[in-house]
Amino acid sequence: MLPISLRADGRRALIVGGGNVAFRKAEALLEAGFALTVIAPSIDDRLRALLDRPDARLHERVYTGADLSDADLVIAATDHDDVNATVVADARTARVLVCDAANPDNGDFTMQATVRVGELTFAVDSGRSTPAFAQRIARELRERFGPDYAAAARTLARMRTYVRAVRDKNQRGPVMRDLADLPIDELARMNPVEAEHLVEETIERVCHPERSEHRDRSRGTTVVCASRASALAMTQARLVAAALAQRGIATTIQTVTTTGDREQDRPVSELGSVNVWVKELEVALLEGRADYAVHSCKDLPGELDPTMQLAAISAREDARDAFCSERYANFDALPAGAIVGTSSERRRAQLRALRPDLRYESLRGNVDTRLRKLREGQYDAIVLAMAGLSRLGVKATHTVPFDARRIVPAVAQGALAVETLASNDELSSELYAAVNHEPTQWCVEAERAALRSLRAGCSAPLGVHAQLVGALMTIDAAFATAGGTMLRERVEGGVDSVAASRKLGEQVASALAAARDRLGRPRVLLPRTQDRPSRIAAELRGRGVEVLELREGESGTDLMNTIPQMLLFPSSGSVAAVRPYLDWLRGQAVRPLVAAMGPQSGAAASEAGFAPDIVAPDASIDAFVAAVAHRLETP
């Protein structure tokens, strides 16, 4: 007899029989992960209730040989030896493994008593001579190996994944044997960060004893990485940590909560900052709580704080955006009025330019949360970055990347950025050597140069994507104006350095800026409730915005047929001041953007039927003007 472990992986098992024995076999097979088909002239109520699940099939009839057509495993569990013998004979003819529950010697296998503790599985086989004794042993195993063993096994599984990522095959065994000998209680209570730290120490001790002895002690054997706590952010941080470990430097990961993580109930464009995913990580560097930080490069502002430096840019994952749906095969298959979820103004603008007949609604949360909302039917489709889906190994039923020229990706999408203090040249050099990918660096630097030239933030409706083939770089760019016009430009040229790449990025930015200038200045409507000059109007005019002022009591007749790019509501009273104009505007086919200075003015605008697209982060003129200018993409 050869005991083996068979992984179900969704395979289908056939049970012929509907009584108590069939019920026990079904329980074991379901726990192992099989999909079940049960066939019997009469099926016990307990078995019927057990199989009340989408992947189960019940046929209350007599068995036939055709029932084996899609079975990967067969259990003969009837009260009739002749029927069981027929099932066994048919299964062997069909070359399907079969178990005769009544006469084990007739079949190909027996089902052993099993004990599962987390991911650990114990099988007990008494040779069919003393089943009761096998059950006793199983009982004692459950008592002996409790939850601590399951927790220890989970920790070792995480360690093994990390070791496989950073060590050659012939070095993994000694490291894992050393780790597996640790006390069970120590493994059980270890968190993921502690586990990774211990893995790195073990690798150093087992694989590089000479390097452990001679490394410069002033730098230390372990550095700290600041990362957001989402599954994707942690996966990205571990990729960098694994690369750094190859150079003999271990990493402990410290999780940090950013503004973008805390403010999940508002669109990113309303948070009043271009730094919502980055600032708190940089604070951890400045305060000495971390030595380097790992970001999705697309989250970085165009200009870094002078105290910071980009130490390395990783090789780029798939930079494209992906259409994700549980019901529809692709973006073009969506019916009119379908709800599409996205948190990105860039995606929303480009998608709307292709399909203005769809509803685009805000979608926040990590990748798993967004996919769950999709599965729950809150959206007909959502759009996510392919890079994140690939790194997490997840997808929707229909996951289709958009062509990068059709939906131009965000600046630096798909690449990781590693940031350190500008003064930390030693660690920066190590990170550059371990992580930096020069072709991606050149493309990202070109894209970021365009971002800086346009004075746009990371949440602006701007897409820039560079591709490098040999020495030829091609850059596609798309920008949505506040009025909804989609501008597209493409440039190409030879590059041989970061400086040359940046110059080409600035070139595509100049082409976009020229196209934007040809459309004319952005226009906004500002209601007035006071006679004195408006500081808001003056500030915006200084930024090149045309401001139409409508005073309280004026009907707005002169402005009829004039639809600005944005309505500005600095107070709740300003909404009431322009009611006649709003009544006219409500009947028009085009709706301008709406900006509110604070919650009260936002609530008043919503009550009037003009829910705000932008709410200033605090109710001050400076914050309001900055938020409006940022959305209009003015300097």
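Just so it is clear, the values below take in all heavy atoms, side chains as well, and ignore hydrogens, waters and symmetry mates.
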Fill in: Worked verdict on Arg348 versus Ser362 for side-chain contact (heavy atoms from CB on, under 4.5 Å)
CA-CA 9 Å; Arg348 186 189 300 248; Ser362 180; 4.1 Å; yes
Discussion item. Pair Val16, Ile75 - check side-chain contact (heavy atoms from CB on, under 4.5 Å), show working.
Written reply: CA-CA 6 Å; Val16 181; Ile75 308 290; over 6 Å; no
Fill in: Steps toward side-chain contact (heavy atoms from CB on, under 4.5 Å) verdict (Leu29, Leu73)
CA-CA 10 Å; Leu29 290 170; Leu73 200 71; 4.1 Å; yes
Item to complete: Apply side-chain contact (heavy atoms from CB on, under 4.5 Å) to Glu419 and Val278, showing your working.
Response: CA-CA 10 Å; Glu419 188 178 31; Val278 174; 4.3 Å; yes
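Atom CZ of Phe331 and atom CZ of Arg355 lie 5.5 Å apart (nearest 0.5 Å). Interatomic distance, Leu468 CG to Leu504 CG, rounded to the nearest 0.5 Å: 10.0 Å. One finds the CZ atom of Arg347 at 10.0 Å from the CD1 atom of Ile407 (value rounded to the nearest 0.5 Å). With rounding to the nearest 0.5 angstrom, the OG atom of Ser314 is 3.5 Å from the CG atom of Leu416. The distance from atom CD of Glu326 to atom CG of Leu371, rounded to the nearest 0.5 Å, is 8.0 Å. Atom CG of Asn330 and atom CZ of Phe323 lie 6.0 Å apart (nearest 0.5 Å).
Under a 3.5 Å cut-off, the side chain of Ser501 and the backbone N or O of Ala446 do not form any donor-acceptor pair. Judged purely by atom type and a 3.5 angstrom limit, Ser606 uses its side chain to pair as donor or acceptor with the backbone of Gly602. Listed for the Arg523 side chain is no donor-acceptor partner under 3.5 Å among the backbone atoms of Pro564. Between the Arg370 side chain and the Gly365 main chain, a donor and an acceptor come within less than 3.5 Å of each other. Judged by distance alone, the side chain of Asp318 and the main-chain N or O of Met386 form no donor-acceptor pair under 3.5 Å. Checked by atom type and distance alone, the side chain of Arg316 never pairs as donor or acceptor with a backbone atom of Gly414 at under 3.5 Å.
When side chains are defined from C-beta on, Val96 does not count as touching Asp72, because their heavy atoms never get closer than 4.5 Å. Side-chain atoms of Leu14 and Ile39, non-hydrogen and from C-beta on, do get closer than 4.5 Å to each other. Two residues are said to be in side-chain contact when any heavy atoms from C-beta on lie closer than 4.5 Å; Gln350 and Met486 meet this criterion. Taking the side chain as every heavy atom from C-beta outward, Arg490 and Thr474 approach each other to under 4.5 Å. Leu334 places a side-chain heavy atom less than 4.5 Å from the side chain of Leu358. The side-chain heavy atoms of Lys373 and Thr369, taken from C-beta on, include a pair separated by under 4.5 Å. Looking at Glu317 and Arg391, their side chains come closer than 4.5 Å, going by heavy atoms from C-beta outward. Side-chain contact between Leu310 and Leu304 is present, with at least one heavy-atom pair separated by less than 4.5 Å.
Between Asp476 and Arg405 there is a salt bridge, with a side-chain nitrogen of the basic residue lying less than 4.0 Å from a carboxylate oxygen of the acidic one. Ion pairing between a basic and an acidic side chain is recognised when a charged N comes within 4.0 Å of a carboxylate O; Glu376 and Arg372 show such pairing. Classification of Arg57 and Asp70 as a salt-bridged pair holds, one side-chain N sitting under 4.0 Å from a carboxylate O. Under the 4.0 Å criterion applied to side-chain N and carboxylate O atoms, Glu447 and Lys298 are not assigned as salt-bridge partners. Taking a cutoff of 4.0 Å between a charged side-chain nitrogen and a carboxylate oxygen, Asp380 and Arg327 qualify as a salt bridge.
Heavy-atom contacts from other residues, nucleotides or ligands closer than 6.0 Å to CD of Glu27 number more than 12. By the 6.0 Å contact criterion, CD on Gln600 is open, its count of non-hydrogen atoms from other residues, nucleotides or ligands being 12 or less. Crowding of Arg160 atom CZ: a count of heavy atoms from other residues, nucleotides or ligands under 6.0 Å not exceeding 12. No more than 12 heavy atoms of other residues, nucleotides or ligands lie within 6.0 Å of CG in Asp52, so this atom counts as exposed by the packing criterion.
Across Leu582, Val578, Val575, a single residue satisfies side chain to side chain contact (heavy atoms under 4.5 Å, CB included) together with Leu567, and that is Leu582.
Judged by a 6.0 Å distance limit and a 45° cone about the ring axis, Arg46 is positioned over the six-membered ring of Phe23.
A donor atom on one side chain and an acceptor atom on the other are found under 3.5 Å apart for Asp321 and Gln413. With 3.5 Å as the limit, one finds no donor-acceptor pair spanning the side chains of Thr255 and Arg228. A donor atom on one side chain and an acceptor atom on the other are not found under 3.5 Å apart for Gln236 and Ser227.
Closest non-hydrogen pair, Ala627 versus Ile614, comes out as CB-CG2, 3.9 Å. Residue Ser325 comes nearest to Ala381 through the heavy atom pair CB-CB, 4.1 Å, listed as atom of the first residue, atom of the second, then distance. The two residues Val340 and Tyr379 make their nearest non-hydrogen contact at C-CD2, 4.2 Å. Ala26 approaches Leu47 most closely through the heavy-atom pair CB-CD1, 3.7 Å. Between Leu363 and Ser343 the shortest heavy-atom distance is O-CB, 2.8 Å. In this structure, Tyr328 and Ala333 approach most closely via the heavy-atom pair CD2-O, 3.8 Å.
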